[in-house]
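Everything on this sheet refers to the single structure shown next.
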Amino acid sequence: MSEAGASPAVNQSAKGVKPMDAIMALCKRRGFIYQASEIYGGINGFWDYGPLGAQLKKNLRDAWWEDMIMRPCWGRKGPNGREVVCVPVETCIIQHPKVWEASGHVAGFNDPMVDCKETKGRYRYDHVMVFVPESGNPGDKPVFAYVGDQPSEAKQKKKAEKTFGSITSVALSSLPKPWDRVIAPDAEKPGSLTEPRMFNLMFDTIPGAIRDEANRAYLRPETAQGVFVQAKNVWDTTRVRVPFGIGNTGRSFRNEVTPRNFTFRSREFEQAELEFFCHPDESQDWYRFWRDFRMEWWKSIGLAGDNLILREHDKDELSHYSCGTSDVEYRFPFTAPGFGELEGIAHRGCFDLTQHQAHSKVKMEYNDTERGELLPNGSRRGERYVPHCIEPAAGLDRGALALICEAYTRDESRPSPEFMKFHPRVAPIKAAVFPLVNKDGMPEMAEKLHTELHNRFWRLGAVEMDEKQSIGKRYARMDEAGCPYCFTIDGDSLKDQTVTVRDRDSGQQSRMSVDRVKAFLEEKLGA
RNA sequence: GCGGGUGUAGCUCAGUGGUAGAGCGUCACGUUGCCAACGUGAAAGUCGACGGUUCGAAUCCGUUCACCCGCUCCA
């Protein structure tokens, strides 16, 4: 999952932006999100979920698991005309350090690095050399940076000789800053190199009782690599056939330079990633398939308005190995009028498996017995290849935050102006039961209904009973928690066994037989 | 990383050197017959933390932590 950040405004004014302060206050007040270690003053970049937030996030995670692993894409067929097959794994936060060397994450961890703003290249500071005129004085002409033994060396040398004639090379570190006349290795314009910086983007730790630097390991910065290093085991041991997906969810850790924007950029966060493996020839079809489905999925759980967009990366934004990447982006109050990434869907080609094959010396080729030459006996010879991979990688904390922001609604005309309009599927409290008045047999009948509903729906979320204070306050409390349906037992209920159901969003009430309540909720909750 | 702002009860905030406050929420009792109703009462804060000045600090000074906003950054 990349970090594209907010994209530019697209014809949207900032008006109608919800107040982030009020959303954060509600999150605290109602127990959605607390600051981590709050009693000690908090810790930068870490957040905890309270009871409602934990259930909300669980519902989001469950929805992902159900719709991506258990019944992928709601049972629809993939571009190959067959049902989509996905299996789960659960891999460790700490992997062998070589995993992160192969993935490219470790590069630049221990050494000062310079970045190129133009090409997005990153170089070890002490590896960057510069061609300068032999006289030592380039005047107002640019000088040419390169990295030894890289293609950039010959290219830059040619340009430098054309500019200065006889040249010599010096270390970048010997040049005075700012380097506004330095043309970076693969860049066109001068001045694109940043100051050298130490990057400490992965958290590290030292497994083993004796503290020994040689044992240094890292907390994973993404769950995806756990899938790649086990992909061969999965296709060797589980009878899954390409094309198929492997899902992995869990915590990841990044030492973000600037944690910001509530939980949006946290140092500890949870991902839900799918790596979908397919034949190279089919990869473009699968890429489009997953991109479109993931957008549709986020809409289905309540991000249905124009605050959600699918943004295809420009060519110059793509990683060098990717031939397509899209982001599902949400217009958060703090990114408006721009957007922030919820999920990246990347065509990763065979980059990751090839990298691990090279570093581990373990063949990552898949033997596809549905392909290859047809033999006289009717079977196939089989085709061996490194599968290509489509990666829909979602951030669950960002997803939960988007659900919260989208749900937050203020309507001054309502008795309870502030309420959370969660989609029933993700709402942490699914239903509540109230005795209109706490006497005359109403509490007993309410308790009976509450028990019945709880026994039926506890797997999905809370079913609450509230008999305290006035009926209006109880409705308001449930509105703020985002509970979609409240059932009230009144005097008539005891006579004719009916109850009223109140719809959170409209405030409308209707009466139904108490026997029908369970079926009503089953339908509304899709249970 | 730079600049600005904020930090006092669960939430929103008042309190500029002399007894720690309000509204809302929460809880209890009573009342209450469908939308944050009413009455009475209660609980709840080492004033972000540490240090300094002072007879005395929520208040002044220094340091620090956290959050928000704008730049920067985001392998």
Side-chain angles (χ1 to χ4, degrees), chain A residues 1-6 19-31 33-47 50 100 103-117 119-124 194-195 197-202 221-222 254-267 319-320 333-335 340-341 411 413-419 434-440 442 466-480 486-494 499-504 506-511:
Chain A
M1 186 166 130
S2 68
E3 287 283 338
M20 203 58 212
D21 287 355
I23 293 172
M24 290 170 67
L26 186 143
C27 281
K28 170 74 187 290
R29 190 168 73 240
R30 295 310 311 256
I33 297 174
Y34 308 129
Q35 200 176 6
S37 310
E38 187 185 287
I39 61 169
Y40 291 103
I43 174 165
N44 193 339
F46 297 89
W47 299 87
W100 309 112
S103 69
H105 288 86
V106 121
F109 181 46
N110 285 316
D111 303 294
M113 305 291 286
V114 293
D115 284 339
C116 174
K117 292 180 208 161
T119 66
K120 309 290 180 202
R122 169 164 288 177
Y123 311 97
R124 271 184 62 170
T194 63
E195 300 255 325
R197 289 170 294 197
M198 287 297 286
F199 280 82
N200 182 21
L201 295 172
M202 279 195 291
E222 62 174 32
R254 294 183 199 179
N255 241 325
E256 295 291 353
V257 178
T258 316
R260 264 294 167 90
N261 292 329
F262 203 22
T263 60
F264 183 78
R265 178 162 291 134
S266 298
R267 288 180 165 149
S319 317
H320 62 278
F334 47 79
T335 59
E341 180 188 348
D411 179 353
S413 70
R414 288 167 62 107
S416 53
E418 204 171 32
F419 68 111
F434 307 149
L436 181 59
V437 183
N438 206 19
K439 60 180 185 185
D440 298 339
M442 291 179 221
D466 190 353
E467 67 288 322
K468 300 292 174 66
Q469 300 169 321
S470 72
I471 189 74
K473 279 194 185 185
R474 286 178 268 164
Y475 285 142
R477 270 201 286 263
M478 285 300 149
D479 281 351
E480 229 182 21
C486 296
F487 300 93
T488 300
I489 311 297
D490 59 21
D492 292 343
S493 303
L494 298 155
V499 300
T500 60
V501 55
R502 168 188 179 271
D503 179 82
R504 175 196 64 203
S506 65
Q508 295 295 308
Q509 279 178 272
S510 57
R511 187 165 277 276

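All values derive from a computational prediction rather than experimental measurement. Here is how names work: the chains are called A, B, and so on, in the same order as the sequence lines, proteins then strands, and each is numbered from 1.
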With [X], which residues qualify under side chain to side chain contact (heavy atoms under 4.5 Å, CB included), at least two apart?
X	value
A:A36	A:I43, A:F46, A:D48
A:R511	A:D490, A:D492, A:S493, A:D496, A:T498, A:T500
A:A22	A:P19, A:Y408, A:E418

Under 4.0 Å, heavy atoms only, any strand: does [X] hit a base, just the sugar-phosphate, or nothing?
X	result
A:F434	nothing
A:G50	nothing
A:Y40	nothing
A:M442	base
A:W47	sugar-phosphate

Base versus backbone protein contacts along nucleotides 3-9 of chain B [heavy-atom cut-off under 4.0 Å; B, S, -]: -------
Contact pattern, 5' to 3', of nucleotides 34-42 of chain B - B, S or - by protein heavy atom under 4.0 Å: BBBB-----
Counterpart residues, salt bridge (charged side-chain N to carboxylate O under 4.0 Å, His left out), relative to A:R477 (two or more places apart):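 A:R477: salt bridge (charged side-chain N to carboxylate O under 4.0 Å, His left out) contacts with A:D466.
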A:Y123: partners by ring pair (Phe, Tyr, Trp, His ring centres under 6.0 Å), with sequence neighbours left out: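 In terms of ring pair (Phe, Tyr, Trp, His ring centres under 6.0 Å), with neighbours along the sequence ignored, A:Y123 is linked to no residue.
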A:F434: partners by ring pair (Phe, Tyr, Trp, His ring centres under 6.0 Å), with sequence neighbours left out: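 Result, ring pair (Phe, Tyr, Trp, His ring centres under 6.0 Å) vs A:F434: A:Y475.
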Listed partners of A:Q35 passing side-chain hydrogen bond (donor to acceptor under 3.5 Å, both in side chains), at least two apart: none
Reckon [X] has a side-chain N or O less than 4.0 Å from the OP1 or OP2 of [N]?
X	N	value
A:N438	B:U32	no
A:K28	B:C67	no
A:N261	B:C69	yes

Residues A:F262, A:F334; criterion ring pair (Phe, Tyr, Trp, His ring centres under 6.0 Å); working and verdict: CA-CA 9 Å; A:F262 203 22; A:F334 47 79; 8.2 Å; no
Proximal nucleotide (of B:C74, B:A66, B:A75) relative to the A:E256 side chain: B:C74
